[in-house]
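First the structure, in the form of structure tokens, and then the observations on it.
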Protein chains: 2
Amino acid sequence: MTPRAQPTTGKGAETRARILETSLRLFLERGYEGTTMRLIAKDAGVSVGNAYYYFKSKETLIQAFYRRTHEEHLVACVAVLEREKGFEDRLLGVMHAKLTTIEPYHRFSGILFKTAADPESPLNPFSEASLPTRRESTTLFAQVIEGTKLRVTKDLWAELPNLLWIYHMGVVLFWIHDRSEGRRRTTMLVERTVPLIAQVVRLGSLPLLRSMTRRATAFLAELREEAGLPEAGDGTQEAPLEDA
Amino acid sequence: MTPRAQPTTGKGAETRARILETSLRLFLERGYEGTTMRLIAKDAGVSVGNAYYYFKSKETLIQAFYRRTHEEHLVACVAVLEREKGFEDRLLGVMHAKLTTIEPYHRFSGILFKTAADPESPLNPFSEASLPTRRESTTLFAQVIEGTKLRVTKDLWAELPNLLWIYHMGVVLFWIHDRSEGRRRTTMLVERTVPLIAQVVRLGSLPLLRSMTRRATAFLAELREEAGLPEAGDGTQEAPLEDA
DNA sequence: GGCCCGAGATGAACACGTTCAAGTATTCGC
DNA sequence: GCGAATACTTGAACGTGTTCATCTCGGGCC
């Protein structure tokens, strides 16, 4: 019934890995649409049904890309956060690392985002299934501000990682639709908006704007609270641990 | 080859309309996945091939929903803009009208957004194909500010409709993922963010923040310019006028 | 060793969206 | 009115992702 995400035998794990690697190679060679499940199975030396024994669908195979980029990005950010010490530079470095990491997969951004946009999809950044990944991202942005001597009000400090995560999603959304060579426009977007964000954050703590900042952060907390109860209540605590 | 979006004969138009209405009814009754092209054809009293004579794909059929809501929203906004005179009230009214209009279709928001997210899709709000629709939306938001005595700098005034359109897209994105009953959370989001926007806009014209506002609007102009030349140059001026 | 049970593997079959060569009806120039 | 072009219509066939009853194999148990 449910695909075997974690094979029990060593042989099973090997087969699973072979299917995954074959599919990623074929996706790169022939694109998503150009790669059929039959071809993947044939090239991996298994039957079609066997591929479905390990992976729920063709989509879950391409989702492996997503995970891969996510992890690569986290790794790349370690060096960035080691090197940079100012808020603006850190954020800029993290965003640049993001763009560099995902660039090879721009070709698949369409299909990736297509599935990601579906509220039911585990790839969807807002869904519960992707909560672990999202938490990792938020933690990353928390690190971006933690290492700095940025002085902001407490409430904003608490909310900032989430806001930066949303900003980062917006950039990715822009990137997906960016048809310029080398994703020139997205790079420009980042280089212009990061300083702007830094400025807004600094200004947000001025007495003049304090009340507004407080209003905004209070609202965000309220919104989260509103979501918290019903969704934690009705949903069973299932965490299917979708494939890799 | 290309589907007949505008039939030449009256009979053709009738068939086309019958297919469209049947599909919308079935989508409502059985959902998108539960409605097959064979069923649509059978219920409409035509052959499968005939449906494809008028509509490029199953997706284009559901896109009719999108157009419909868009037009309904524009109509609903006439009354709102007639009634309200302040910027905040106008924006709030327009956004409320949006939520009310699209609510019946929340069930399809997943599949709709799924196709809308695809950079190739004509439904994609950023694509060239949907430029007319986007222009209509931007015009709507221009009307929102035109009727008011809002005092902002010239550059912000010019950019504001675009920014509001982006804001509105963000709200829709939130709405799609909103699982709360009656879309309570999205309503809350709008009611809280609209006043915030109004405040930011007002503050943006203060001397203290002028320079930042100018920087931001200049960047937006730059970004548009950057996009303008290459994309207008290489793309032929084709405007296929996809189905209704 | 014989047995069994479950993990692993098979490929035909299914359902679907889509295409296409071929048909029929309608319109238009003359 | 007639022929030809054009609009419209058909349903079988194709390719695809996915499912399922069935088979194979390997290791644990007596």
Side-chain angles (χ1 to χ4, degrees), chain A residues 1-20 22-23 26-27 30-64 108 111-112 114-115 118 120-121 123 242-243, chain B residues 1-20 22-23 26-27 30-64 108 111 114-115 118 120-123 242-243:
Chain A
M1 200 68 231
T2 48
R4 183 119 330 192
Q6 282 165 316
T8 49
T9 72
K11 191 185 164 205
E14 200 185 310
T15 307
R16 185 178 189 283
R18 201 165 63 247
I19 293 168
L20 185 58
T22 305
S23 68
L26 287 173
F27 285 150
R30 319 165 55 103
Y32 182 75
E33 315 277 312
T35 305
T36 69
M37 289 303 282
R38 283 163 182 79
L39 183 60
I40 292 173
K42 196 175 148 199
D43 268 34
V46 298
S47 65
V48 226
N50 200 210
Y52 281 92
Y53 181 73
Y54 291 105
F55 299 94
K56 191 164 61 86
S57 67
K58 190 181 175 185
E59 272 187 18
T60 62
L61 279 169
I62 200 139
Q63 286 172 18
F108 305 111
I111 176 67
L112 266 179
K114 210 167 158 168
T115 75
D118 186 351
E120 315 293 344
S121 163
L123 201 61
E242 214 62 35
D243 74 303
Chain B
M1 198 71 230
T2 48
R4 182 114 336 180
Q6 281 166 315
T8 49
T9 71
K11 190 184 165 204
E14 199 184 313
T15 306
R16 185 179 189 282
R18 202 166 61 246
I19 294 168
L20 185 59
T22 305
S23 68
L26 287 174
F27 285 150
R30 318 164 57 102
Y32 183 75
E33 316 276 313
T35 305
T36 69
M37 289 303 283
R38 283 165 180 79
L39 183 60
I40 292 172
K42 196 175 148 200
D43 267 34
V46 298
S47 65
V48 226
N50 201 3
Y52 281 93
Y53 181 73
Y54 291 106
F55 299 94
K56 192 164 59 91
S57 67
K58 191 182 175 185
E59 271 186 20
T60 61
L61 278 170
I62 201 142
Q63 286 172 17
F108 305 112
I111 176 65
K114 209 167 159 168
T115 74
D118 186 349
E120 314 293 343
S121 163
L123 201 61
E242 213 64 35
D243 76 303

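Only heavy atoms go into these numbers, but all of them, side chains included; no hydrogens, no water, no symmetry mates. Order of the sequence lines sets the chain letters (A, B, ...), proteins ahead of strands, with each chain counted from 1.
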Atom [atom1] of [X] to atom [atom2] of [N]: distance rounded to whole Å?
| X | N | atom1 | atom2 | answer |
| --- | --- | --- | --- | --- |
| Glu33(A) | dG15(D) | CD | P | 16 Å |
| Ile19(A) | dT18(D) | CD1 | P | 14 Å |
| Tyr52(B) | dC20(C) | OH | C1' | 13 Å |
| Ile40(B) | dT18(C) | CD1 | C1' | 13 Å |
| Leu26(A) | dT16(D) | CG | P | 13 Å |
| Tyr32(B) | dC16(C) | OH | C1' | 11 Å |
| Arg30(B) | dA15(C) | CZ | C1' | 14 Å |
| Arg38(B) | dC16(C) | CZ | P | 7 Å |

From Tyr54(B) OH over to Thr15(B) OG1, what is the distance, rounded to the nearest 0.5 angstrom? 4.5 Å
Using the ring of Tyr32(A) (Phe, Tyr or Trp, six-membered ring only), decide whether Lys58(A) places NZ or CZ under 6.0 Å from its centre and within 45 degrees of its axis. yes
Any residue meeting ring-ring contact (aromatic ring centres under 6.0 Å, His included) with Tyr53(B), in chain and number order, not counting sequence neighbours: none
So which protein N/O to nucleotides 9-12 of chain C N/O distances come out below 3.5 Å?
residue: dA9(C); atom: OP1; partner: Thr15(A); partner atom: OG1; Å: 3.1
residue: dA9(C); atom: OP2; partner: Thr15(A); partner atom: OG1; Å: 3.4
residue: dA9(C); atom: OP2; partner: Tyr54(A); partner atom: OH; Å: 2.8
residue: dT10(C); atom: OP2; partner: Ser47(A); partner atom: N; Å: 2.8
residue: dT10(C); atom: OP2; partner: Ser47(A); partner atom: OG; Å: 3.4

Take Leu20(B) and Phe55(B) through the side chain to side chain contact (heavy atoms under 4.5 Å, CB included) test and state the conclusion after the steps. CA-CA 9 Å; Leu20(B) 185 59; Phe55(B) 299 94; 3.9 Å; yes
At their closest point, which heavy atom of Arg18(A) faces which heavy atom of Gly45(A), and how far apart are they? NH2-O, 4.3 Å
Would you check, one step at a time, whether the test side chain to side chain contact (heavy atoms under 4.5 Å, CB included) holds for Leu61(B) with Ile40(B)? CA-CA 11 Å; Leu61(B) 278 170; Ile40(B) 292 172; 4.1 Å; yes
